[in-house]
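These values consider heavy atoms only, across backbone and side chains, with no hydrogens, waters or symmetry-generated copies. Indexing begins at 1, ligand by ligand and atom by atom, following the structure's order.
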Amino acid sequence: MAGISAWWCYEGGVQLDGPAVEVANLTKQYRDGTVANRDISFTVQAGEFLGILGPNGAGKTTLVRQITTELFPTAGHVRVFGIDAVSQPNEVKRYMGVMPQEAGLSFGLSVRHHLRIFGKLRGLPAKLASRRAEELISTLGLQEHRDKSADHLSVGLRRRVLLGIALLADPPLMVLDEPSAGLDPEARHDLWDRLRDAHRSGTTILLTTHNMDEAEVLCDRVGIVQDGSLLTLDTVESLKAAYGYQYKITFDSAAGTETVYGSDDRTLVQQVQAKGIRQYTVARTTLEDVYLSLTRERETPAAG
Ligand SMILES: Nc1ncnc2c1ncn2[C@@H]1O[C@H](COP(=O)(O)OP(=O)(O)OP(=O)(O)O)[C@@H](O)[C@H]1O
Ligand SMILES: [Mg+2]
């Protein structure tokens with residue numbers, strides 16, 4: 001993470017102090033008894049790009065929706081730039097651009113109209129709202145869809161409009177729940193460029209994703225949630241060093257394709273050659289390997 005000092009001037013000189021997001025001992029139990037977040041604590045520093053990974057149903061959206069003030073915690077605290085999200089939700093929302101995992105866009109309203117209306121809702125003067133809408137239509141590749149109503153858009157195009165809404169007011173914090181879900185590869189790379197631009201200009205970004213490349217390419221740090229708990233949160237390099245073993249060797253055996261992990265590539269090769277195997281592939285482990293080793297049972301990796 002770039003060592004950006006932790007304050008911003010926003011909306012006419014309001015100074016934002018402290019970390020962008022502080023989550024402390026957060027627990028969320030739904031009415032039906034489901035405990036979707038269990039005692040989660042972490043901090044997103046101002047200027048940081050933080051990713052949250054985890055299997056379906058792990059509790060990512062539940063976590064995000066407590067930060068965006070859509071849900072109230074059962075226990076614990078959320079603070080955004082030092083402001084309590086439970087007691088001052090409207091204040092907190094002023095500093096945040098949000099892209100929900102699922103959101104309805106009002107049927108019948110055109111893309112351009114949507115962006116303009118949300119711009120005004122975010123407090124932009126009408127002229128500025130129109131200008132931002134036009135800019136975003138162009139940067140998000142929505143030109144040929146600008147006058148279509150949202151109910152005529154494909155899933156991926158609707159996601160782009162939602163991203164546009166999150167970007168509208170140049171918020172100091174963006175909270176994005178699976179922003180790349182449903183995007184084609186080109187649109188995903190465009191999204192990454194948009195997010196990198198925002199990050200470079202100082203925006204703090206918190207996103208959830210199932211896309212390991214996305215997390216590895218974009219994020220300063222990555223957290224992994226499973227069954228409501230935050231298992232770990234660190235840089236990709238540190239996660240690999242702690243859990244992933246730096247190398248893996250893959251080969252075919254009578255049992256099928258096998259992968260063995262280790263911290264030394266030569267030792268791995270020797271182990272496999274000692275079994276009489278001559279065809280194998282050695283590679284560096286990826287974030288996906290770390291993720292899988294943490295979130296599902298894996299054979300005990302070879303020592304080395
Ligand atoms: N309103 C609700 N009432 C009861 N249980 C809920 C509610 N919303 C979510 N859950 C449950 O809480 C758990 C966490 O769900 P959540 O949507 O936070 O997971 P997620 O990590 O975002 O999953 P995905 O990757 O599929 O988006 C799941 O067991 C889910 O079924
Ligand atoms: Mg979700």
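- Every heavy atom of R65 sits 4.0 Å or more from the atoms of ligand 1.
- Within the structure, ligand 1 lacks G228 among the residues with a heavy atom less than 4.0 angstrom away.
- Note that atom 4 (C) of ligand 1 has protein non-hydrogen atoms nearby, at separations under 4.0 angstrom.
- Exactly one of E178, Q66, Q101 qualifies for a side chain to side chain donor-acceptor pair (under 3.5 Å) with T61. That residue is Q101.
- Side-chain contact check for R122 versus I165: every heavy-atom pair is 4.5 Å or farther apart.
- Y291 is listed as a side-chain neighbour of M212, based on a closest heavy-atom distance under 4.5 Å.
- L109 has its side chain within reach of I117: a pair of non-hydrogen atoms, C-beta onward, lies under 4.5 Å apart.
- Looking only at heavy atoms of the protein, atom 27 (O) of ligand 1 is closest to Q101 NE2, 2.9 Å.
- Residue, atom and distance of the protein heavy atom nearest to atom 19 (O) of ligand 1 are G59 N, 3.3 Å.
- Geometry at the Mg ion (ligand 2): OG1/T61 and OE1/Q101 form an angle of 80°, nearest 10 degrees.
- Checking only distances, G57 does come within under 3.5 Å of ligand 1, N or O to N or O.
- Using a 4.0 Å cut-off to heavy atoms of T62, the atoms of ligand 1 that qualify are 14 (C), 15 (O), 16 (P), 18 (O).
- Residues satisfying the side-chain hydrogen bond (donor to acceptor under 3.5 Å, both in side chains) criterion with T69, sequence neighbours excluded, are absent altogether.
- For atom 26 (O) of ligand 1, the closest heavy atom belonging to the protein is N56 ND2, 3.0 Å.
- Residues satisfying the side chain to side chain contact (heavy atoms under 4.5 Å, CB included) criterion with S130, sequence neighbours excluded, are R116.
- Cation-pi geometry between K28 and Y30 is satisfied (NZ or CZ under 6.0 Å from the ring centre, within 45° of the ring normal).
- Taking every non-hydrogen atom of A58 and a distance limit under 4.0 Å, the qualifying atoms of ligand 1 come out as 19 (O), 20 (P), 21 (O).
- Which parts of ligand 1 touch A36 is read off a 4.0 Å heavy-atom cut-off, strictly below it: atoms 12 (O), 13 (C), 14 (C).
- No donor-acceptor pair closer than 3.5 Å links the side chain of T203 to the backbone N or O of L173.
- Given atom 25 (O) of ligand 1, the protein heavy atom at minimum distance is K60 NZ, 2.7 Å.
- At least one side-chain heavy atom of R196 sits under 4.5 Å from a side-chain heavy atom of L218.
- The nearest protein atom to atom 10 (N) of ligand 1, hydrogens excluded, is given as Y30 CE1, 3.4 Å; this is a heavy-atom distance.
- Atom 11 (C) of ligand 1 has its closest protein heavy atom at T34 CG2, 3.9 Å.
- Judged by distance alone, with hydrogens and angles left aside, the side-chain atoms of N37 form a donor-acceptor pair with the main-chain N or O of L63 at under 3.5 Å.
- In the vicinity of T61, heavy-atom distances shorter than 4.0 Å reach the ligand 1 atoms 17 (O), 18 (O), 20 (P), 22 (O), 27 (O).
- Interface of H210 with ligand 1, defined as ligand atoms under 4.0 Å from a residue heavy atom, comprises 25 (O).
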